[in-house]
Amino acid sequence: MLLHRLARVSREVAATSARSRKTALLAELFRAAEPEDVPVVIPYLAGRLPQGRLGIGWKLLGTPVPPADEPSLTVREVDARLTAIGAVTGTGSQTARGRLLGALMAAATEEEQRFLVGLLTGEVRQGALDALAAEGLAAATGAAPADVRRAVMLAGSLQTVARALLAEGPSALGAFRLTVGRPVLPMLAHTASSVTSAVEKLGACAVEEKLDGIRVQVHRDGEVVRVYTRTLDDITDRLPEVSAAARELTQGRFVLDGEVIALDEEGRPRSFQETAGRVGSRVDVDRAAAAVPVSPVFFDVLSVDGRDLLDLPFAERHTELARLVPEPLRVRRVVVTGPEESARAEAFLAATLERGHEGVVVKSLDAPYSAGRRGASWLKVKPVHTLDLVVLAAEWGHGRRTGRLSNLHLGARGEDGSLVMLGKTFKGMTDTMLAWQTERLSELAVEEHRWGFTVRPELVVEIAYDGLQRSTRYPAGVTLRFARVLRYREDKRPEEADTVETLLAAHPGVAP
DNA sequence: TTCCGACAGTGGGGTCGCAAT
DNA sequence: ATTGCGACCCCACTATCGGAA
């Protein structure tokens, strides 16, 4: 298949807003693909590279190359050339990659170039990623969408499923089963505004600690232990403590779901930054482990002793978990019968926060284990802090926010009355707010930049955030975690905005 | 007809590690 | 030695489509 055809379909998919039309277009192309094209066409149309990341970013793509007049590249040739670029390593590799990339771009038409740039930077923006590609795949092969989704969860990737489906048809889906040693996509939680509302929604449920660490899926088959992240990367070698803990358990074959977290001597959680730094360390693992030991803490079991537990209700999976994993290696929890016990659930959240943890996850006792965001049977609840801050500058948005001032620079009042930047946010804005702030901030502009405007510090915004973390980037040495706009405070003047002093006082122990 | 679940998009900050400077 | 860049961790929220109620 020519890249030209694929790029054109991608553009058509981007041009329509109807999801049904998007899946129809994708299905048509999948049907036309030759079997050998499939491992490339499927991920490309899901907006991803089959190789994963290639170390090619905006920097390498920087210099534009004159496009070819006539399409000639096939998708397989593109894939082979990108694989070759990814394989270049060592001193001078950036230069060599740039040259190879330039040659590839020169062979591409303008439309093909646009598609390739999107693919390489992860910004395909066609309004169709894995989920709709799976839908299109189902349509192309006559398989039931739910069966395709389940196979994707079990395989951990769409490609594997696509290859089997297009080669053998819907009957191929039956072969995808939970296998120890092969990671499955993890079940994710939605957000609820309070424990009470979560319990009202779910009825009988478990309320569990939410630990602020790194999600892990741990597979053990005899002496072989593998540890995977949320995105199914293998991080076994970085976490010897987790392997050791898995080998201590009495059963020899299982798949567990949990979190790794660094705890201090008293068992209180260290900062997320410390846990993430430890888990990210690959080069000298022994040293990193000595400095910041981590503990696995489990909350679910997907398989034990060859039995697939995915479809069991959570209550029954937890019974299996409690049989396999000793209490200190499980998250704390309470079980409530329903809204009549929401006071107990709220008390558990308070106690969890008191112990220094992030919040709770409220889980339906009936729900099977199911990947992706489908179904809201897990609801997380975290406390939200708010501040009134001053807008210092605003950056132009991209994509659907092109032409709108989007990303706000936020400042708090310093000791001497100056304003101290604490971070940025683009979250929480409605289209109406975007339009309003574009106009208002343009009026307040004092300096124009390529990226946007510095403005007279007159507008006050109410900001919600999850907590404070250390920063080397911002002058106060701290920044807000997950800041988002709640509303503009036109009733407040900048002199009434919050101060750095009160912010630091509200989060003792964070500032350097 | 209205409601709501699922999806994509829009980026935030940090840390690590490699390559370039 | 320091800096720049990319990959991965953590993530909130809105708009929109289309099926469910």
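Chain identifiers are assigned alphabetically (A, B, ...) following the order of the sequence lines, protein sequences preceding nucleic acid strands; residue numbering begins at 1 within each chain. Hydrogens, waters and symmetry mates are skipped; everything else that's a heavy atom, side chains included, is used. A quick note: this is a predicted structure, and the numbers were derived from the prediction, not measured.
Not counting sequence neighbours, Y474(A) has no partner by the ring pair (Phe, Tyr, Trp, His ring centres under 6.0 Å) test. Remark: T95(A) pairs with no residue by the side chain to side chain donor-acceptor pair (under 3.5 Å) rule, at least two apart or across chains. Under the rule for a side chain to side chain donor-acceptor pair (under 3.5 Å), the partners of S10(A) that lie at least two apart in sequence or sit in another chain are Q126(A). Qualifying side chain to side chain donor-acceptor pair (under 3.5 Å) partners for E111(A), counting only residues two or more places apart in sequence or in other chains: R11(A). Applying the side chain to side chain donor-acceptor pair (under 3.5 Å) test to D498(A) and every residue at least two apart in sequence or in another chain returns nothing. Listed by chain and number, the residues in a ring pair (Phe, Tyr, Trp, His ring centres under 6.0 Å) with H357(A) amount to none (sequence neighbours excluded). Scanning for ring pair (Phe, Tyr, Trp, His ring centres under 6.0 Å) contacts around H507(A) gives H385(A), Y465(A), with sequence neighbours left out.
Atom CG in D237(A) sits about 13 Å away from atom P in dG17(B), given to the nearest Å. To the nearest angstrom, P of dC8(C) lies 16 Å from CG of L239(A). Taking atom CZ of residue R48(A) and atom C1' of nucleotide dA7(C), one finds them 15 Å apart after rounding to whole Å. In this structure, L434(A) atom CG and dA15(C) atom P are separated by 8 Å, rounded to whole Å. If you measure from atom CD1 of I463(A) to atom P of dG11(B), you get 16 Å, rounded to the nearest angstrom. Here dG12(B) presents its C1' atom at 11 Å from CE of M421(A), a figure rounded to the nearest Å. Distance, E135(A) CD to dG5(B) C1': 13 Å, rounded to whole Å. With rounding to whole Å, D130(A) atom CG is found 12 Å from dA8(B) atom C1'.
Comparing atom distances between the T479(A) side chain and each of dG12(B), dA12(C), dG13(B) picks out dG13(B) as nearest. Listed nucleotides dG12(B), dA12(C), dG13(B) differ in distance to E395(A); the shortest reach to its side chain belongs to dG12(B). Side-chain proximity of D233(A) to the nucleotides dG14(B), dG11(B), dC9(C) is greatest for dC9(C). With distances taken from any side-chain atom of R481(A) to the nucleotides dC10(C), dA8(B), dG11(B), the minimum falls on dC10(C). Taking only side-chain atoms of R400(A), from C-beta outward, the nucleotide of dC16(B), dC17(C), dA15(C) with the closest atom is dA15(C). If you check dA12(C), dC9(C), dG11(B) against the side chain of H398(A), the one that comes closest is dG11(B). Side-chain atoms of L132(A) lie closest to dA8(B) of the nucleotides dA8(B), dA12(C), dG14(B). When the nucleotides dC10(C), dC17(C), dC16(B) are ranked by their closest atom to the side chain of R282(A), dC16(B) comes out on top. Listed candidates were dC10(C), dC9(C), dA12(C). Nearest to the side chain of D466(A) is dA12(C). For K210(A), taking side-chain heavy atoms from C-beta onward, the closest of the listed nucleotides dT10(B), dC9(C), dC11(C) is dC11(C).
OP1 or OP2 of dA12(C) sits under 4.0 Å from a side-chain N or O of K380(A). When the side-chain nitrogen and oxygen atoms of R230(A) are compared with OP1 and OP2 of dC10(C), one or more of them lie within a distance under 4.0 Å. The side chain of Q273(A) contributes an N or O atom lying less than 4.0 Å from OP1 or OP2 of dT15(B).
Nucleic acid contact class of F482(A) (heavy atoms, under 4.0 Å, all strands): base. Backbone-only contact: Y474(A) has heavy atoms under 4.0 Å from sugar-phosphate atoms and none from a base. Within 4.0 Å (heavy atoms only), D212(A) reaches no atom of the nucleic acid at all. At the heavy-atom level, T275(A) lies nowhere under 4.0 Å from the strands shown. Among the heavy atoms of the strands, none lies under 4.0 Å from L480(A). Within the nucleic acid shown, R19(A) comes within 4.0 Å of at least one base atom, counting heavy atoms only. When heavy atoms are screened at a 4.0 angstrom cut-off, K22(A) is found touching no nucleic acid atom at all. The residue A18(A) sits close only to the backbone: its heavy atoms come under 4.0 Å of sugar-phosphate atoms, none of a base.
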Below 3.5 Å between N/O atoms, which protein atoms pair up with nucleotides 18-21 of chain B? Just atom names and distances, please.
{"unit_1": "dA19(B)", "atom_1": "OP1", "unit_2": "G90(A)", "atom_2": "N", "d": "3.1"}
{"unit_1": "dA20(B)", "atom_1": "OP1", "unit_2": "G92(A)", "atom_2": "N", "d": "3.2"}
{"unit_1": "dA20(B)", "atom_1": "OP1", "unit_2": "S93(A)", "atom_2": "N", "d": "3.3"}
{"unit_1": "dA20(B)", "atom_1": "OP1", "unit_2": "Q94(A)", "atom_2": "N", "d": "3.1"}
{"unit_1": "dA20(B)", "atom_1": "OP2", "unit_2": "G92(A)", "atom_2": "N", "d": "2.7"}

Quick test: give all pairs of protein nitrogen or oxygen and nucleotides 19-21 of chain C nitrogen or oxygen below 3.5 Å, distance rounded to 0.1 Å.
none

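Of the possible donor and acceptor atoms, one in the side chain of E346(A) sits under 3.5 Å from a partner among the backbone N and O of T196(A). Checking side-chain atoms of T23(A) against main-chain N and O of R19(A) turns up a donor-acceptor pair under 3.5 Å. Looking only at distances, no side-chain donor or acceptor of Q159(A) sits under 3.5 Å from a matching main-chain atom of I42(A).
For dG18(C), the paired base is dC4(B) (Watson-Crick or G-U wobble, both distances below 3.5 Å).
Between D284(A) and R401(A), the residue anchored closer to the 5' end of DNA chain B is R401(A), taking for each the nucleotide with the nearest heavy atom. Of the two residues contacting DNA chain B, namely W396(A) and T472(A), the nearest-nucleotide position lying further toward the 5' end is that of W396(A).
For the residue pair T229(A) and T231(A), a side-chain donor N or O sits within less than 3.5 Å of a side-chain acceptor on the partner. Between the side chains of E395(A) and H449(A), no donor N or O sits under 3.5 Å from an acceptor N or O.
Closest non-hydrogen pair, A483(A) versus T425(A), comes out as O-OG1, 2.7 Å.
Salt-bridge annotation for R413(A) and D388(A): absent, with no side-chain N of the basic residue lying under 4.0 Å from a carboxylate O of the acidic one.
The side-chain heavy atoms of V117(A) and M105(A), taken from C-beta on, include a pair separated by under 4.5 Å.
Non-hydrogen atoms lying under 4.0 Å from DNA chain C are contributed by K427(A), G428(A), M429(A), T430(A), D431(A), all within residues 424-433 of chain A. If you check residues 194-205 of chain A against DNA chain C, you find no residue with a heavy atom closer than 4.0 Å.
The list of side chain to side chain donor-acceptor pair (under 3.5 Å) pairs with a residue in residues 271-281 of chain A, not counting sequence neighbours, reads E241(A)-R278(A), R270(A)-E274(A), S271(A)-E274(A).
Taking the ring axis of F299(A) as reference, the NZ or CZ atom of K363(A) stays within 45° of it and closer than 6.0 Å to the ring centre.
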